[in-house]
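To start, the structure under review is shown below, and the notes come after it.
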Amino acid sequence: MLEASVYVGRRKRLREQVGSGVVLWLGHALQPRTYPANTFRFRQHGHFLYFAGLNEPDLAVLSWMDRDRDVLFAAPVTMDDIVWSGPLPTPDERAARAGIKESAAPAELAKTVAELKAKGVPIHYLTPFQADAKLRLAALLGVAPEALAAGESLPLKRAVV
């Protein structure tokens with residue numbers, strides 16, 4: 001992982017190119033092999049890694065394009081997490097590693113996206129390739145999974161390329 005300032009700079013350059021609205025970066029989840037507890041080795045989505053630098057599952061980031069605001073959505077560390085994985089960073093510590101000043105619980109993501117949509121704020125996203133990520137994104141946006149590609153943000157695609 002690079003210094004937090006690298007990710008802050010990358011998101012700043014993105015803001016200059018995308019313009020208005022928010023960018024929804026939906027990180028990957030663990031992928032099961034033959035049953036839910038038997039997962040493949042985790043690898044975060046490349047775009048999420050590039051702009052946030054966090055290679056951990058079940059994360060999301062909202063980046064406001066018209067102001068310097070990013071929010072990391074990450075579950076708090078539980079005792080079970082510590083027992084099975086050892087000491088883990090808190091959501092605030094994870095956010096700080098990416099140069100993000102705010103963190104919130106994953107349940108807040110759907111609420112925030114719904115509020116933004118109700119206000120007519122453009123939500124920029126790239127269609128994920130994992131099936132479960134497509135389903136999660138479609139549920140967050142309130143669209144059918146097959147409609148995701150049509151709603152994908154051209155300004156965001158251009159900025160990322």
Side-chain angles (χ1 to χ4, degrees), residues 1-2 4-32 39-76 89 91-92 94-161:
M1 182 165 187
L2 303 172
S5 62
V6 171
Y7 304 108
V8 171
R10 289 174 178 175
R11 291 189 303 270
K12 181 179 187 254
R13 285 189 301 280
L14 186 77
R15 284 182 171 89
E16 293 166 357
Q17 295 176 40
V18 173
S20 64
V22 296
V23 171
L24 171 56
W25 302 108
L26 191 61
H28 282 172
L30 290 172
Q31 296 298 304
T39 59
F40 287 100
R41 185 170 179 208
F42 181 75
R43 169 71 162 82
Q44 186 58 270
H45 189 284
H47 298 123
F48 192 93
L49 272 177
Y50 186 80
F51 289 100
L54 301 171
N55 191 29
E56 300 159 27
D58 304 319
L59 301 176
V61 171
L62 275 178
S63 296
W64 276 255
M65 294 295 101
D66 58 349
R67 54 188 159 158
D68 185 21
R69 182 180 182 208
D70 303 291
V71 178
L72 173 70
F73 294 85
D92 286 342
R94 288 177 177 155
R97 288 190 342 230
I100 296 173
K101 298 176 184 140
E102 295 179 60
S103 68
E108 293 297 311
L109 180 59
K111 178 182 167 191
T112 304
V113 168
E115 289 171 356
L116 291 166
K117 281 185 68 175
K119 292 177 183 175
V121 175
I123 300 174
H124 302 275
Y125 64 88
L126 300 173
T127 304
F129 59 88
Q130 287 184 338
D132 74 312
K134 284 183 182 180
L135 293 174
R136 286 187 296 135
L137 181 60
L140 279 170
L141 298 173
V143 300
E146 55 273 6
L148 286 173
E152 194 171 50
S153 171
L154 188 57
L156 179 60
K157 284 171 93 169
R158 286 184 177 144
V160 167
V161 169

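Between the side chain of R97 and the backbone N or O of L54 there is no donor-acceptor pair closer than 3.5 Å. Q44 places no side-chain N or O within donor-acceptor distance of the main-chain N or O of L49, the cut-off being under 3.5 Å. Of the possible polar contacts, none joining the R94 side chain to the E56 backbone as a donor-acceptor pair under 3.5 Å is found. Side-chain atoms of Y125 come within 3.5 Å of backbone N or O of L148 as a donor-acceptor pair. Judged by distance alone, with hydrogens and angles left aside, the side-chain atoms of Q17 form no donor-acceptor pair with the main-chain N or O of P155 at under 3.5 Å.
A60 meets the side-chain contact (heavy atoms from CB on, under 4.5 Å) test with L26, F73, L109; sequence neighbours excluded.
Nearest heavy-atom pair across A159 and L14 is CB-CD1, 3.6 Å. D70 and S63 make their closest contact through OD1-OG, 2.6 Å (heavy atoms, listed as atom of the first residue, atom of the second, distance). Contact between V121 and G21 at its shortest, heavy atoms only, is CG1-CA, 3.8 Å. The heavy-atom pair separating A95 from S103 by the smallest distance is CB-CB, 4.4 Å.
Of the residues L154, V160, V18, the one that meets the side chain to side chain contact (heavy atoms under 4.5 Å, CB included) test with H124 is V18.
For R158, the CZ atom sits in a loose shell: 12 or fewer heavy atoms of surrounding residues, nucleotides or ligands are nearer than 6.0 Å.
For residues 107-119, the set of pairs meeting the side chain to side chain donor-acceptor pair (under 3.5 Å) definition, not counting sequence neighbours, is empty.
Counting heavy atoms from C-beta outward, W25 and L59 have side chains that stay 4.5 Å or more apart. Put simply, the side chain of L126 does not reach to within 4.5 Å of the side chain of V23, judged on heavy atoms.
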field: From CA spacing to verdict: side chain to side chain contact (heavy atoms under 4.5 Å, CB included), Y50, R10
entry: CA-CA 8 Å; Y50 186 80; R10 289 174 178 175; 3.3 Å; yes
- prompt: After noting the C-alpha distance and the side-chain angles of R69 and V22, does the key distance pass the side chain to side chain contact (heavy atoms under 4.5 Å, CB included) rule?
  reply: CA-CA 10 Å; R69 182 180 182 208; V22 296; over 6 Å; no
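Under the 6.0 Å cut-off for aromatic ring centres, H45 and F51 do not qualify, their centroids lying 6.0 Å or more apart.
Side-chain atoms of D66 and S20 form no donor-acceptor pair, as typed in the model, at a separation below 3.5 Å.
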Only distances under 3.5 Å count here; give the side-chain donor-acceptor pairs of residues 133-146 to other protein atoms, sequence neighbours excluded, each with its distance to 0.1 Å.
unit_1 : atom_1 : unit_2 : atom_2 : d
R136   : NH2    : G27    : O      : 2.9

